[in-house]
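Worksheet: the structure to be examined is printed underneath.
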Amino acid sequence: MVVLGSSAHFHATAPGLFVGIDLGTSGLRLVAVDGSGLAVATASQTWPVAASEQDPAQWLASLEKLWKPLIRELPGPVLAVSATSTSGTVLPTDCKGRPIASAWLYSDRRGSELGARFGIPAGWGLSRWLWWQLQGSTDCRLTHPSDYLLTALGAKVGWTDHTCALKSGYDPAAGKWSLALAAGVPAAQLPAVVRPGTVVGTLAPEWGLGSGVKLVAGCTDGVAGQIASGALAVGQVCLSLGSTLIFKGVSEAKIASADGAVYSHLHPDGRLWLPGAASACGGAILEKFYPREQWEELNGCAEALNRPTGQTAYPLATPGERFPRSGADFAGGLPDVPTEDPHFYAGLLEGVAFVERLGLERLMALGMPVQGALLCVGGGTHSEVWLRIRAAVLGRELQLPAQVQPALGAAILAAAGVWGVGVAQAAARMVRLDRQILPDAALAAAYEAVYRRFLERWGGAG
Ligand SMILES: Nc1ncnc2c1ncn2[C@@H]1O[C@H](COP(=O)(O)OP(=O)(O)O)[C@@H](O)[C@H]1O
Ligand SMILES: O=C(CO)[C@H](O)[C@H](O)COP(=O)(O)O
């Protein structure tokens with residue numbers, strides 16, 4: 001499905017636009033914003049969620065389909081474009097940057113046993129890359145989806161950014177491909193690494209915006225969501241509830257867990273770290289049980305129920321979890337009422353909120369600083385009742401940026417590249433908070449007791 005949109009007004013004070021592209025699990029999204037972060041046009045296309053591969057020809061076809069109508073909508077000149085994509089997804093290309101196979105998604109388990117022998121954390125793209133090489137295709141270059149899209153738009157070949165590079169075996173502290181090289185990946189397959197926000201080329205004329213539009217290195221979708229939330233100072237936390245649940249904070253020190261499920265990206269501005277982790281428990285569970293058209297009605301039913309429902313689910317759409325529990329076979333558990341019962345839907349919302357709290361507590365125990373309100377982004381923020389449940393379970397104020405999408409994070413990187421400023425500085429100009437959700441004290445107390453039971457059931461180490 002293709003959706004186009006445009007904003008009714010345009011900030012005349014900001015003479016130039018920035019386009020952010022988000023190549024996600026469930027589709028492609030484009031946003032054009034002005035220098036104050038106001039969206040002036042959007043376009044998106046959804047596609048069926050694949051477990052293992054995506055076809056780069058499909059990405060390009062979607063980009064071409066969305067690009068023309070988007071640029072027709074624009075009330076001013078575009079200054080720069082950047083892109084974000086799923087973290088851990090790898091794409092083999094030839095030396096000219098042309099794909100030579102499908103992209104292997106972050107959720108594809110091929111290579112995981114092989115990777116474990118080299119100490120590669122579960123889910124990292126490096127394991128898939130090793131597996132790909134075993135198939136005999138060694139004359140190829142390791143590329144990430146966002147690098148590829150920018151190359152297709154005209155950027156030079158042979159680079160990636162340090163956030164996409166992390167799960168492909170790059171050590172941002174040392175500035176070296178340490179893990180990839182130790183696992184035996186030939187250096188010739190590995191791209192040069194740049195900081196997100198670095199100008200990597202100019203838009204090719206066939207994309208219809210004239211000359212001089214800068215192409216700017218992007219980042220992973222988790223980091224883009226964090227940039228879009230503005231959570232870039234020490235102690236700030238971004239919770240991104242989309243198909244998955246991504247936790248990200250900001251710290252002075254690098255934080256990691258022994259199994260690699262908790263890791264730290266280098267802050268795009270350097271020096272600080274972005275510790276975090278991702279859970280497979282997230283919004284995908286709703287997709288599994290209910291068509292999207294029913295969600296609003298179900299939210300209304302959940303609103304009308306007496307909450308807490310008393311359910312202590314750990315909802316996973318498919319077996320396999322990374323954090324706060326871990327295990328390829330870990331299957332979690334669903335609410336113990338029929339799916340037609342509104343308590344089932346509400347129990348799913350509550351279960352995700354409990355997992356979110358457990359995740360946050362585990363990150364804090366590892367030393368991640370958490371100060372003030374939590375910033376929330378991702379499709380899950382479209383549900384009011386879910387936001388109120390999350391605020392009560394977490395016992396903290398939630399804040400929502402006006403735009404809750406990773407594509408804005410990419411647009412902010414594009415602006416930082418053109419303005420020649422740090423990403424935090426660009427975000428301070430472009431991220432606007434929309435509203436806050438305060439935890440209801442009585443509800444929070446009631447959820448505390450249910451969370452204790454959730455912990456007895458799921459709070460183990462595994
Ligand atoms: N109205 C809604 N009510 C409840 N959940 C919603 C609603 N709209 C979106 N969501 C949640 O957001 C998820 C999609 O989030 P999104 O950030 O768009 O996806 P992705 O992670 O694939 O990029 C859905 O799976 C669903 O759980
Ligand atoms: O689950 C994901 C797939 O969309 C996220 O990309 C991911 O795990 C977050 O990764 P990162 O912290 O590297 O951005």
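As the structure lists them, so they are numbered: ligands from 1, and atoms in each ligand from 1. This chain uses plain numbering: 1 for the first residue, then up along the sequence.
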When you measure from atom 13 (O) of ligand 2 to every protein heavy atom, which one gives the shortest distance, and what is it?
S87 OG, 2.5 Å
More than 12 non-hydrogen atoms from neighbouring residues, nucleotides or ligands closer than 6.0 Å to CD on E297, yes or no?
no
Check each atom of ligand 2 against the heavy atoms of K248 and keep those under 4.0 Å away; list them by number with element.
11 (P), 12 (O), 14 (O)
Could you see which bit of A278 sits under 4.0 Å from ligand 2, with heavy atoms only: side chain, backbone, both or neither?
side chain
Step by step, would you call H144 with T89 a side chain to side chain donor-acceptor pair (under 3.5 Å)?
CA-CA 6 Å; H144 305 108; T89 300; over 6 Å; no
Locate the shortest heavy-atom distance separating T160 from C164; write the atom from each residue and the value.
OG1-CB, 3.7 Å
Polar contacts were defined as any N/O atom of the residue lying under 3.5 Å from an N/O atom of the ligand; does this apply to R322 and ligand 2?
yes
In terms of residue, atom name and distance, what is the protein heavy atom nearest to atom 11 (P) of ligand 2?
Y263 OH, 3.3 Å
Considering non-hydrogen atoms of the protein only, which is the closest contact for atom 12 (O) of ligand 1, and what is the distance?
G379 C, 3.1 Å
Quick note on ligand 1: atoms under 4.0 Å from a heavy atom of E296 include exactly 1 (N), 2 (C)
How about CH2 on W131, more than 12 heavy atoms from neighbouring residues, nucleotides or ligands closer than 6.0 Å, or not?
no
Suppose I only count heavy atoms of E287 and a 4.0 Å limit; which atoms of ligand 1 are within that range?
24 (C), 25 (O)
Could you list the atoms of ligand 2 found under 4.0 angstrom from a heavy atom of V223?
14 (O)
Looking only at heavy atoms, which two atoms of A228 and Q405 are closest? And how far apart?
CB-O, 3.4 Å
With a cut-off of 4.0 Å, which atoms of ligand 2 are near a heavy atom of I246?
5 (C), 9 (C)
Identity and distance of the protein heavy atom lying nearest atom 21 (O) of ligand 1
S243 N, 2.8 Å
Please verify the inter-ring angle class for Y148 with W59; under 30° counts as parallel, over 60° as perpendicular, anything in between as tilted.
tilted
With a 4.0 Å cut-off, would you call E53 and R128 a salt bridge?
no
What atoms of ligand 1 come within less than 4.0 Å of a heavy atom belonging to Y345?
4 (C)
Heavy-atom contact check, 4.0 Å cutoff: does Q405 meet ligand 1?
no
dist Y447:OH -> D440:CG (nearest 0.5 Å) comes out at 10.5 Å
When the ring planes of Y451 and F354 are compared, do they come out parallel, tilted or perpendicular, using 30° and 60° as the limits?
tilted
Closest to atom 3 (N) of ligand 1 among protein heavy atoms sits N299 ND2, 3.0 Å
Do ligand 2 and G222 have nitrogen or oxygen atoms that lie under 3.5 Å from each other?
yes
Provide the number and element of each atom of ligand 1 under 4.0 Å from a heavy atom of G380.
11 (C), 12 (O)
Starting from atom 14 (O) of ligand 2, what is the nearest protein heavy atom, named by residue and atom, and what distance separates them?
T220 OG1, 2.6 Å
Nearest non-hydrogen protein atom to atom 18 (O) of ligand 1, with distance, is R29 NH2, 3.6 Å
Proximal ligand 1 atoms for S383, defined as those under 4.0 Å from one of its heavy atoms:
3 (N), 4 (C)
Quick one: nearest non-hydrogen protein atom to atom 5 (N) of ligand 1, plus distance?
L286 CD1, 3.5 Å
Option of least heavy-atom distance to atom 6 (O) of ligand 2 (set: T25, L105, T244, D221):
D221
Working for side-chain contact (heavy atoms from CB on, under 4.5 Å), residues T86 and T220
CA-CA 6 Å; T86 54; T220 64; over 6 Å; no
What do you reckon, does Y290 put a non-hydrogen atom under 4.0 Å from ligand 1?
no
Look at E384 together with R388 and state whether they make a salt bridge at an N to O cut-off of under 4.0 Å.
yes
On the ring face of W458, is R325 found with NZ or CZ under 6.0 Å from the centre and within 45° of the axis?
no
Could you list which atoms of ligand 1 come closer than 4.0 Å to a heavy atom of G283?
25 (O), 26 (C), 27 (O)
for atom 10 (O) of ligand 2, nearest protein heavy atom and its distance come out as K167 NZ, 3.0 Å
Counting from 1, what ligand 2 atoms have a heavy atom of T86 closer than 4.0 Å?
4 (O)
Do E303 and R307 meet the salt-bridge criterion of a basic N to acidic O distance under 4.0 Å?
yes
Can you sort out which atoms of ligand 2 are near H265, meaning under 4.0 Å from one of its heavy atoms?
11 (P), 12 (O), 13 (O), 14 (O)
By number and element, which atoms of ligand 1 are closer than 4.0 Å to a non-hydrogen atom of S26?
20 (P), 22 (O)
Does the ring-ring contact (aromatic ring centres under 6.0 Å, His included) test come out yes or no for F289 and Y345, once each step is laid out?
CA-CA 9 Å; F289 288 103; Y345 180 82; over 10 Å; no
Less than 3.5 Å apart, any donor N or O on the side chain of T93 or R141 sitting next to an acceptor on the other?
no
Can E361 and R396 be counted as an ion pair, charged N to O under 4.0 angstrom?
no
Provide, to 0.1 Å, the distance between atom 6 (C) of ligand 1 and the closest protein heavy atom, together with that atom's residue and name.
W295 CE3, 3.5 Å
